[in-house]
There are 2 protein chains.
Amino acid sequence: MTTLSLNRNLHQRLQACKYLFIKLLNFLSEHKFGKIAFSFYFAFGVHVPATIKSVAQYAGVSIKTVSRVINNEGTVKPATLEKVQEAIEALDYKPNKAARDLAGRENFVLGYVYDNPNAYYIIDMQKGILDECRSSGYELLIHPCNAASDNIVNELVNMVSSARLAGLILSPPLSEMPQVLSALDERNICYVRILSGSTTPNSSLPSVLIDDYKAAYAITEHLIEQGHSRIAFISGDMAHQSTIERQEGYKAALKARDIPVDNQLILNGTYSFETGVKSAEKIVKMAPTPTAVFACNDEIAAGTLFGARMNGLDVPAQLAIAGFEDSPFSRQTYPTLTTAAQPTTEIAKSATSALIQCIRSRKKAGNQDAIRSRFFTPQLVIRQSTKG
Amino acid sequence: MTTLSLNRNLHQRLQACKYLFIKLLNFLSEHKFGKIAFSFYFAFGVHVPATIKSVAQYAGVSIKTVSRVINNEGTVKPATLEKVQEAIEALDYKPNKAARDLAGRENFVLGYVYDNPNAYYIIDMQKGILDECRSSGYELLIHPCNAASDNIVNELVNMVSSARLAGLILSPPLSEMPQVLSALDERNICYVRILSGSTTPNSSLPSVLIDDYKAAYAITEHLIEQGHSRIAFISGDMAHQSTIERQEGYKAALKARDIPVDNQLILNGTYSFETGVKSAEKIVKMAPTPTAVFACNDEIAAGTLFGARMNGLDVPAQLAIAGFEDSPFSRQTYPTLTTAAQPTTEIAKSATSALIQCIRSRKKAGNQDAIRSRFFTPQLVIRQSTKG
DNA sequence: CGTCAACATGACAACGCTGTCATTAAATCG
DNA sequence: CGATTTAATGACAGCGTTGTCATGTTGACG
């Protein structure tokens with residue numbers, strides 16, 4: 001046997017040597033270097049990141065105690081805590097996410113799922129989520145998808161299980177799809193919803209509510225104050241609750257001023273530039289022509305502006321246009337667009353922190369803090385497109 | 001001792017029971033259920049994902065062989081391979097990323113680092129990268145950052161080491177910053193660069209090259225063909241190589257038609273709407289007034305359009321405007337903008353696949369496939385803003 | 001039909017952390 | 001101030017992979 005193994009090919013022999021050598025180095029480092037910052041440079045200039053073990057050794061405690069410190073378990077004596085924190089600092093220790101994920105039940109990864117053609121919105125959302133993630137040690141998996149796909153429920157569930165996600169951030173329209181929500185509930189998956197509305201949904205999970213109704217009311221009110229009474233409304237996708245809320249706000253504001261709601265002035269569409277263009281063409285043909293348009297978002301509004309101009313209409317003199325969302329390009333049309341600004345990055349942060357809180361409270365069975373919704377109301381921003 | 005431990009608090013006792021119970025269940029599942037699809041539902045409806053172990057057992061091989069199959073190591077007999085693949089299918093096995101990351105040297109995570117205010121570009125890039133990642137089992141970490149920050153090099157290096165990234169995708173301007181590149185090289189970090197140029201950079205790492213020069217040449221040529229000879233050029237940030245390439249292309253096209261390059265017609269700026277607005281104001285004051293403008297990107301072009309209109313100029317009759325990039329909003333201005341279209345999503349895919357290939361070839365020391373650059377040339381898209 | 005590569009496969013120790021439970025130190029109480 | 005609870009800490013076994021090395025197995029060759 002031994003003679004045979006001596007005849008094995010050179011490659012394997014060399015590997016064996018290397019292996020032994022590494023063991024030797026590890027042994028030496030463990031027994032000789034004591035309080036030296038392992039994290040710097042090792043023999044051969046190989047960077048060896050600090051591990052929980054080296055921190056424990058440096059601080060003179062067990063690895064479990066270090067684990068307690070980094071997980072904020074709270075059952076560590078102040079003196080010990082300080083020692084450990086010093087060690088962490090000194091060694092520039094960063095917990096290995098893979099190891100934590102493997103050892104623990106859930107991964108420190110959140111998923112952001114969206115189906116939204118608005119690039120600016122997505123970028124702002126990502127920014128807010130990332131900010132919050134970084135300060136809590138979570139990572140973010142982004143997942144653009146097609147909400148209309150038949151397979152969307154499976155797709156999401158698979159993603160959660162295969163990436164072992166700790167939780168999901170859902171923005172509209174996914175946050176408003178019952179089949180998605182119930183599938184997640186069934187599998188006990190944590191999620192936070194960002195959605196349109198003003199009342200807390202009946203759910204044990206957190207939500208961030210955007211009061212589109214109130215903002216749409218304010219926009220409509222503003223148009224009325226500018227002297228308009230024939231105000232057209234261009235809807236986005238009816239699958240988005242926001243469309244409905246905005247329409248309701250529009251109607252309510254009209255009613256409050258005793259202006260009858262004329263259903264012919266309400267045009268259906270999607271959240272797209274094209275909808276705006278097409279709607280503008282319909283609007284110019286109406287008689288009497290509306291003097292103002294409230295478009296469900298800035299993209300539609302920009303399209304409407306485009307269409308109005310193609311038809312030789314002056315904005316705002318002949319047609320006032322208001323959008324919604326405060327996309328950068330609402331400032332980049334001529335004239336600039338009146339709109340409602342929502343603090344997207346703030347909303348994202350708020351949602352993310354709610355989600356993380358929810359995940360944490362789930363881990364500790366007892367600690368069922370009341371889940372509270374958070375509320376935001378987009379603010380009216382008056383620009384050139386409605387100011388005669 | 002024993003009596004003492006019997007008096008321990010109830011909580012700990014219960015946990016001990018639970019622990020034993022789980023062990024029992026595991027034991028049973030291992031010794032009784034043989035070829036049953038463990039992955040479905042376990043006692044108590046708890047979903048237990050298949051592991052490499054269950055696959056091995058199902059297929060009647062060792063876990064190492066399964067590992068060989070999922071890593072495509074190629075040293076598995078066809079018959080065995082098939083057995084294992086069947087087992088994987090049957091159990092719906094998905095390798096646990098955390099475990100792979102922990103056991104292996106590098107994580108299956110790529111980083112996309114960017115500092116770019118153009119939301120559409122970022123979204124398209126993300127989409128392409130994600131597509132490629134999904135089909136190769138990688139994950140994506142996105143990292144928006146500030147390239148002008150003093151600390152940018154440290155920030156990136158820290159990110160790579162703390163998330164144990166396998167590689168980085170760099171888009172401009174980060175892909176063109178020597179200090180960033182050399183820091184990454186020093187630490188032997190794999191990256192792929194997307195950058196402006198037409199010649200392969202001197203590097204052992206892959207690049208994706210965008211031939212801005214050629215595209216800018218084409219745009220300028222188009223303007224000349226429309227009868228323009230006084231063509232202003234509005235630069236983006238000079239820190240972007242693309243700005244320089246585009247300017248060079250512009251100059252070369254002029255020279256080729258014997259039109260002298262007038263440096264007064266070249267305006268400096270940043271890749272922003274504001275730059276366009278301000279430049280338009282300077283342009284209308286020039287005498288003789290330029291009849292065409294080539295803006296370094298669509299955002300500047302949109303700003304120029306805005307500024308021109310503010311000054312009562314008709315586009316394209318009095319001033320033709322061309323942009324660059326084919327952002328969606330180049331289609332959403334009135335008139336629509338002539339521009340150069342780059343297939344951003346394709347570029348992202350190409351870059352990502354190059355990176356993954358590079359990472360793989362690094363793992364196997366011998367397999368040094370030649371690193372080849374990939375080339376893209378943005379294509380001229382003629383729209384209303386330059387067509388009298 | 002023994003010999004010896006080359007090929008195929010397996011046993012087992014890492015990887016760095018958290019969960020479980022045992023143990024020790026500190027606090028509380030009768 | 002000893003008994004007993006409670007707080008703090010530690011020892012150690014996983015978690016699901018991959019890397020290392022050893023051990024079959026096969027096939028070509030003399």
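In what follows, every chain begins at residue 1, and chains take the letters A, B, ... in the order their sequences are listed. Every value quoted in this text rests on a predicted model; they were computed, and no experiment measured them.
- Here A:Thr65 reaches the OP1 or OP2 of D:dG10: one of its side-chain N or O atoms lies under 4.0 Å away.
- When the side-chain nitrogen and oxygen atoms of A:Asn96 are compared with OP1 and OP2 of C:dC15, none of them lie within a distance under 4.0 Å.
- Out of C:dG10, C:dG19, D:dT17, the shortest distance to the side chain of B:Lys64 is found at C:dG10.
- In this structure, the side chain to side chain contact (heavy atoms under 4.5 Å, CB included) partners of A:Ser203, at least two apart in sequence or on a different chain, are A:Arg193, A:Leu205.
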Using atom names, set out every protein N or O paired with an N or O of nucleotides 26-28 of chain D below 3.5 Å, distance rounded to 0.1 Å.
none

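- For the side-chain hydrogen bond (donor to acceptor under 3.5 Å, both in side chains) test, no residue two or more places apart in sequence or in another chain qualifies with B:Thr80.
- Legend: residues meeting side chain to side chain contact (heavy atoms under 4.5 Å, CB included) with B:Val160, ordered by chain and number and at least two apart, are B:Leu165, B:Leu168, B:Ile189.
- Between the side chains of B:Asn107 and B:Arg100, no donor-acceptor pair of N or O atoms lies under 3.5 Å.
- Residues meeting the side chain to side chain contact (heavy atoms under 4.5 Å, CB included) test with A:Lys83, sequence neighbours left out: A:Val61.
- Comparing C:dC17, D:dT9, C:dG10 by their nearest atom to the side chain of A:Thr80 picks out D:dT9.
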Could you go step by step and tell me if A:Tyr112 and A:Leu140 meet the side-chain contact (heavy atoms from CB on, under 4.5 Å) rule? CA-CA 7 Å; A:Tyr112 174 40; A:Leu140 178 64; 3.8 Å; yes
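- Using a 4.0 Å cut-off, no side-chain N or O of A:Thr51 falls inside it from OP1 or OP2 of C:dG16.
- Two end axes, each from the C1' atoms of five base pairs, can be drawn for the helix from C:dC1-D:dG30 to C:dG30-D:dC1; they diverge by 40°, to 10 degrees.
- Counting heavy atoms from C-beta outward, B:Ile142 and B:Ile129 have side chains that stay 4.5 Å or more apart.
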